[in-house]
Amino acid sequence: MNVKKFWIPVAWMLVLSMVLGACSSSGSSNGQLDNEVQVSAAGELPITQEKTTIRIMTTSNSYVEDFATNDFTKYLEDQTNIHIEWELVPASSAVEKLNVVLASGDLPDVIMGMNVSNEQQVAYGQQGTFIPLNTLIDKYGVNTKKMFEERPLIKQSITSSDGNIYAMPSPNECYQCSMRQKMWIYQPWLDKLGMKMPTTTEEFYEVLKAFKTKDPNGNGKADEIPLSGAPIAQGANSVTSVENFLMNAFTYAPYTRIYLKDGKAAVPYNQEGWKEGLKYLHKLYEEGLIDPQALTQDSTQLLKLGENPDVPILGASSAANMSAITQLSGSSGRWLEYKAVPPLKGPDGTQVTPFDPYQVGAGAYVITSASKNPDAAFRLADLLYSEEMTLRSNYGVKDRDWKYVKDGELGLNGKPALFKELIKFGVTQNAHWAQMGPSFRTNDLRLGAAVDKDNPLEEILYTETKDKYEPYKQETASIMPPLFFSADQTSEMADLSKTLWDYVNEMNARFITGDQDVDAGWDTYVQTLDSMGLPRYLEIYQQVYDAREQNN
């Protein structure tokens, strides 16, 4: 047998197979692209010449009738040639479902709108479950790179500690949400009692006393609740706990309970100002000015207080907006009667508005290792960051549900308006995705909505925030940015943060109710925090923050 003649054709077959293999994956950054469906060049439409299907898992949305038949879904398919096969998860069980899917390996092509955490991104990214997006961004990210250029904080906030980006964001620069720690007070009661809007903690105390003793609802009963609230869960963005607004008259106390002090990680709940704030809250509680249920009730019960069917009974509550205590556009009309209390000045002159510039919407869109066409999946996300796609995905059909406006109309910020909503948000519809999925909503875009006197909510929230809270906005240097912890750090931090959060909440309640005297118990409280690992908690934060700063 001539061995030389045998190996020549075999060698050519190997070369040919390598060439064909290279051709079949030429359009993909990681060799997974379906060789029958090629992706067009960056920015070109349609994204694929032939129809291709992408399976997207997301949560159900009470404001969306049917994602499959949705007007925006159909428009997107017409523009891109991409058909979305939806896998909807009940919002109430989204966290559990995400964990099950990630553990089982039965993955969709894309996980969208399920708030994949930084810790999950690192863990599953390094395992290969989530594909790194850096190469795709470089190759196809026309709108993504524009977004990064306009808002450098976004790229910094979504880049993991290993330098990879594993999830695309959905930035939503909600102006009023960036200063969400507000207090809302029932203005008709102030008017009836001839009292002005309080500006100091002492004035606020006097107002609450009047609410309790002077029958401002006029029914002859002592049924008024001067101040209420609802505790917040760890990590939640809700700000309805009784201390959330008021503490900022005594010490800087962002709702995250972590901040920077001269470049060092710090927490508010071991500061002397926090102690003084607890003493103030105890005084309010002892005199019956704080609803006892405020320390245990949930958000549903708080809303029922604000919407008491017979007469108004709730004087004030901390909340990001009126929807926590009243029904927006509700028949009672009370949502228009609660007004924002400006940051109160405390006894030592402290008066601050916590500020959150990191409204990035991280973890909004993840492409998994199951995707046969990651290039197309990324191109879809990148397209959604364009201005018109953002408007269509959030507001509906152009010229039917919203329209670009002509010269002369003013936006919420007093500048020339960009667009006008023609339908109200907050009802079930099938025109748009109701804030699901990637989009790029800047302050300029959101505040460029034309003023609508028939739907004044956004105008009210903008004005209240601009006039009352922005003058006291905290400097950015005090704000702890979003961080990516390693797998080991994540495990340790999970235990530490829960232990500390639960203990602080427990002691807040005990100090406020008087079950534990603040002065007598403070030193023991601070020592217990240290023994529970607060120094280590701050040390890890500092290490990760320092590493982030060195890389940026």
Side-chain angles (χ1 to χ4, degrees), residues 147 150-154 156-157 169-184 236-240 244-245 248 252 254-256 259 318-326 328-329 335-336 338-343 351-362 364 385 387 390-391 393-395 402 405 409-421 424-426 434-435 438-453 455-482:
M147 177 174 67
E150 290 182 21
R151 297 293 191 276
L153 282 181
I154 295 175
Q156 294 174 17
S157 300
S170 185
N172 179 17
E173 294 178 346
C174 168
Y175 174 75
Q176 66 266 13
C177 309
S178 69
M179 293 167 268
R180 61 171 60 91
Q181 289 174 252
K182 297 180 172 72
M183 176 72 75
W184 298 87
N237 286 341
S238 172
V239 288
T240 52
N244 213 285
F245 169 84
N248 287 284
Y252 176 51
Y255 74 93
T256 57
Y259 65 99
S318 173
N321 60 60
M322 308 86 87
S323 67
I325 51 177
T326 65
L328 297 181
S329 301
W335 70 284
L336 292 170
Y338 279 94
K339 303 299 180 182
V341 179
Q351 187 177 23
V352 63
T353 297
F355 174 57
D356 177 15
Y358 295 99
Q359 300 182 75
V360 175
Y385 292 128
E387 180 179 279
T390 289
L391 289 168
S393 69
N394 287 284
Y395 299 105
W402 65 274
V405 298
E409 292 192 66
L410 295 179
L412 298 169
N413 54 9
K415 299 177 182 179
L418 300 174
F419 72 101
K420 184 173 186 177
E421 295 180 65
K424 289 185 177 181
F425 185 86
Q435 302 187 22
S439 63
F440 184 33
R441 286 175 284 169
T442 64
N443 262 326
D444 289 339
L445 180 66
R446 287 190 53 138
L447 299 179
V451 172
D452 183 355
K453 296 301 181 183
N455 187 22
L457 176 63
E458 291 294 324
E459 183 182 12
I460 291 171
L461 293 176
Y462 174 78
T463 302
E464 293 283 71
T465 305
K466 183 73 174 177
D467 293 349
K468 297 177 179 178
Y469 292 90
E470 183 159 325
Y472 306 98
K473 186 172 70 174
Q474 183 67 10
E475 294 181 3
T476 307
S478 300
I479 301 164
M480 179 65 78

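These figures come from a predicted structure and were not determined experimentally. Sequence positions, counted from 1, serve as the residue numbers for this chain.
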Going from OH on Tyr469 to CZ on Arg180, what distance comes out if it is rounded to the nearest 0.5 angstrom?
13.5 Å
Has the side chain of Lys182 got a donor or acceptor atom that lies under 3.5 Å from a matching backbone atom of Thr465?
no
Here the gap from Trp184 atom CH2 to Thr240 atom OG1, rounded to the nearest 0.5 Å, amounts to 14.5 Å
About how many Å separate CZ of Phe440 and CD of Glu173, when rounded to the nearest 0.5 Å?
6.0 Å
With sequence neighbours left out, what residues match Trp335 under ring pair (Phe, Tyr, Trp, His ring centres under 6.0 Å)?
none
Can you tell me how far the OG1 atom of Thr442 sits from the OH atom of Tyr175, to the nearest 0.5 Å?
14.5 Å
Side-chain donor-acceptor contact under 3.5 Å, Ser323 with Asn321:
yes
Looking at Gln181 and Tyr255, would you say the former's side chain and the latter's main chain have a donor-acceptor pair under 3.5 Å?
yes
Minimum heavy-atom distance between Leu328 and Leu457, given as atom pair plus value
CD1-CD2, 3.6 Å
What's the spacing between Asn172 CG and Asn394 CG if we round to 0.5 Å?
7.5 Å
A side-chain contact here means heavy atoms from C-beta on lying under 4.5 Å apart; do Met322 and Ile460 qualify?
yes
Any heavy-atom pair between the side chains of Lys468 and Met179 that's under 4.5 Å?
no
On a heavy-atom basis, the closest approach of Gln176 and Leu461 is NE2-CD1, 3.6 Å
For Pro169 and Ala364, which heavy atoms make the closest approach, and how far apart are they?
C-CB, 3.8 Å
Gap separating the CG atom of Asn413 from the CZ atom of Arg446, nearest 0.5 angstrom
12.0 Å
Ala450 and Glu409: which non-hydrogen atoms are nearest, and at how many Å?
CB-OE1, 3.9 Å
Test item: Lys415 side-chain N/O and Leu412 main-chain N/O as donor-acceptor pair under 3.5 Å
no
Looking only at atom types and distance, does a side-chain atom of Gln359 sit under 3.5 Å from a main-chain N or O of Cys174, one as donor and one as acceptor?
yes
Mind checking ring pair (Phe, Tyr, Trp, His ring centres under 6.0 Å) for Tyr395 and listing every partner two or more places apart, or none if nothing turns up?
Phe419
Compare all side-chain heavy atoms of Pro254 with those of Asp356 and state whether any distance is below 4.5 angstrom.
no
If we only count heavy atoms from C-beta on, is the Pro171 to Met147 side-chain gap below 4.5 Å?
yes
So, Ser318 side chain and Val239 main chain: donor-acceptor pair closer than 3.5 Å or not?
yes
Judged by atom type as modelled, is there a donor-acceptor pair below 3.5 Å linking the side chain of Gln351 to the main-chain atoms of Pro343?
yes
Run the salt bridge (Lys or Arg N to Asp or Glu O under 4.0 Å) test against Arg441 and tell me which residues pass, sequence neighbours left out.
none
